[in-house]
K.L.:
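Structure below; questions to follow.
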Amino acid sequence: MPHFTMEYSANLDVSVDFDGLCKAVHATIMTTGLFELGAVRVRALRADAYAVADLLPENGFIDMSFRIGKGRSAEEKKQTGEAIFATVTDFLAPLFATPHFALTLEIREIDAELSWKKNAIHPRLRDKQA
């Protein structure tokens, strides 16, 4: 149940390849060895209305949230967060050359008792691994 969401300011559409960024994050998540392929979701959601810092029109942000099920150690979660943050930071290096960009990441554990899922992808991918 790893779901990675990045919400971003619409002004970044011209400078960021979000499809490429999603695929880079997906690859990084998979390299941790902590998550099953059939469960991984990575998406980018555009925020058309936003107000950032001193309201300059060139100010932009990406706010990342990684929701995962319980079962990983604090060290595994920290290493995963650091790996994802490094991937995204490297991918977005040109934005950090300006004084107008902010990036955040938070990892959240999902309470299994309050989470419902049905996944038809798992059986297909699990059969390939057998």
Side-chain angles (χ1 to χ4, degrees):
M1 167 78 201
H3 283 242
F4 184 92
T5 304
M6 56 187 123
E7 181 181 358
Y8 69 93
S9 55
N11 64 340
L12 296 179
D13 277 339
V14 297
S15 56
V16 177
D17 170 11
F18 282 100
D19 185 54
L21 182 54
C22 286
K23 289 177 181 167
V25 170
H26 186 281
T28 298
I29 291 169
M30 292 310 302
T31 62
T32 67
L34 297 172
F35 306 99
E36 192 173 356
L37 177 61
V40 176
R41 313 282 185 272
V42 179
R43 56 190 165 266
L45 307 174
R46 175 186 159 126
D48 288 318
Y50 56 91
V52 178
D54 56 355
L55 304 179
L56 292 175
E58 58 268 33
N59 289 346
F61 73 89
I62 297 177
D63 176 46
M64 303 177 293
S65 174
F66 192 36
R67 298 179 3 239
I68 62 173
K70 292 185 180 189
R72 284 118 192 135
S73 70
E75 185 58 31
E76 288 172 326
K77 290 182 279 190
K78 183 177 180 184
Q79 289 175 354
T80 298
E82 288 173 350
I84 291 169
F85 204 80
T87 293
V88 175
T89 299
D90 290 347
F91 196 96
L92 301 173
L95 293 178
F96 288 105
T98 75
H100 300 286
F101 180 65
L103 180 66
T104 57
L105 169 61
E106 179 182 12
I107 295 178
R108 301 176 191 156
E109 280 190 338
I110 299 164
D111 183 337
E113 292 182 25
L114 300 173
S115 177
W116 296 261
K117 303 175 230 11
K118 186 169 182 171
N119 185 336
I121 298 171
H122 273 309
R124 176 177 52 85
L125 293 177
R126 287 176 181 156
D127 287 345
K128 287 182 180 182
Q129 295 171 344

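Values in this document were obtained by computation on a predicted structure and should not be read as measured data.
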K.L.:
Side-chain heavy atoms nearer than 4.5 Å, only ILVMFWY residues, links allowed to pass through others: does that put Val16 and Leu105 together?
P.N.:
yes
K.L.:
Before you tell me yes or no, could you show the steps for Ile62 and Leu12 under side chain to side chain contact (heavy atoms under 4.5 Å, CB included), namely the whole-Å CA-CA distance, both residues' side-chain angles and the distance that decides it to 0.1 Å?
P.N.:
CA-CA 9 Å; Ile62 297 177; Leu12 296 179; 3.7 Å; yes
K.L.:
Given Val42, which partner from the list Thr5, Leu21, Val25 fulfils the side-chain contact (heavy atoms from CB on, under 4.5 Å) test?
P.N.:
Val25
K.L.:
Once rounded to the nearest 0.5 Å, what's the spacing between atom CG of Leu125 and atom CG of Leu37?
P.N.:
5.0 Å
K.L.:
Group every Ile, Leu, Val, Met, Phe, Trp and Tyr by side-chain heavy-atom contacts under 4.5 Å, then state whether Leu95 and Met6 land in the same group.
P.N.:
yes
K.L.:
Is Phe18 linked to Val52 within one hydrophobic cluster, defined over Ile, Leu, Val, Met, Phe, Trp and Tyr using a side-chain heavy-atom separation of less than 4.5 Å?
P.N.:
no
K.L.:
Distance-only check: which donor-acceptor pairs under 3.5 Å involve side-chain atoms of residues 84-94, not counting sequence neighbours?
P.N.:
from, atom 1, to, atom 2, distance (Å)
Thr87, OG1, Thr28, OG1, 2.7
Thr87, OG1, Ala83, O, 3.1
Thr89, OG1, Phe85, O, 2.7

K.L.:
Quick one: salt bridge (Lys or Arg N to Asp or Glu O under 4.0 Å) pairs with a partner in residues 48-66, sequence neighbours left out?
P.N.:
Arg46-Asp48
K.L.:
Thinking salt bridges, do Lys78 and Glu76 make one under a 4.0 Å N-O criterion?
P.N.:
no
K.L.:
Got a donor-acceptor contact below 3.5 angstrom from the Arg67 side chain to the Ser65 backbone?
P.N.:
no
K.L.:
Run the numbers on Arg43 and His3 for side-chain hydrogen bond (donor to acceptor under 3.5 Å, both in side chains), then give the verdict.
P.N.:
CA-CA 8 Å; Arg43 56 190 165 266; His3 283 242; 3.2 Å; yes
K.L.:
Looking at every heavy atom in both Asn59 and Ala53, which two are closest together, and how far apart are they?
P.N.:
ND2-CB, 3.9 Å
K.L.:
Among Ile107, Ile29, Ile110, find the one that has a side-chain contact (heavy atoms from CB on, under 4.5 Å) with Ile68.
P.N.:
Ile107
K.L.:
Would you check if Asn11 and Tyr50 make a side-chain contact, meaning some heavy-atom pair closer than 4.5 Å?
P.N.:
yes
K.L.:
Hey, what do you get for SG (Cys22) to CZ (Arg41), rounding to the nearest 0.5 Å?
P.N.:
13.5 Å
K.L.:
How about His100 and Leu56: do any of their side-chain heavy atoms sit closer than 4.5 Å?
P.N.:
yes
K.L.:
Working to the nearest 0.5 Å, report the span between CG of Leu103 and OH of Tyr8.
P.N.:
15.0 Å
K.L.:
Under 30°, 30 to 60°, or over 60°: which ring-plane class applies to Phe35 and Phe66, parallel, tilted or perpendicular?
P.N.:
perpendicular
K.L.:
Could you check whether Arg72 pairs with Glu109 (Lys NZ or Arg NE/NH1/NH2 to Asp/Glu carboxylate O, under 4.0 Å)?
P.N.:
no
K.L.:
Just how far is it from atom OG1 of Thr32 to atom CD of Glu82, taken to the nearest 0.5 Å?
P.N.:
13.0 Å
K.L.:
Using ring centroids (six-membered ring only for Trp), state whether Phe61 and Phe101 fall under 6.0 Å.
P.N.:
no
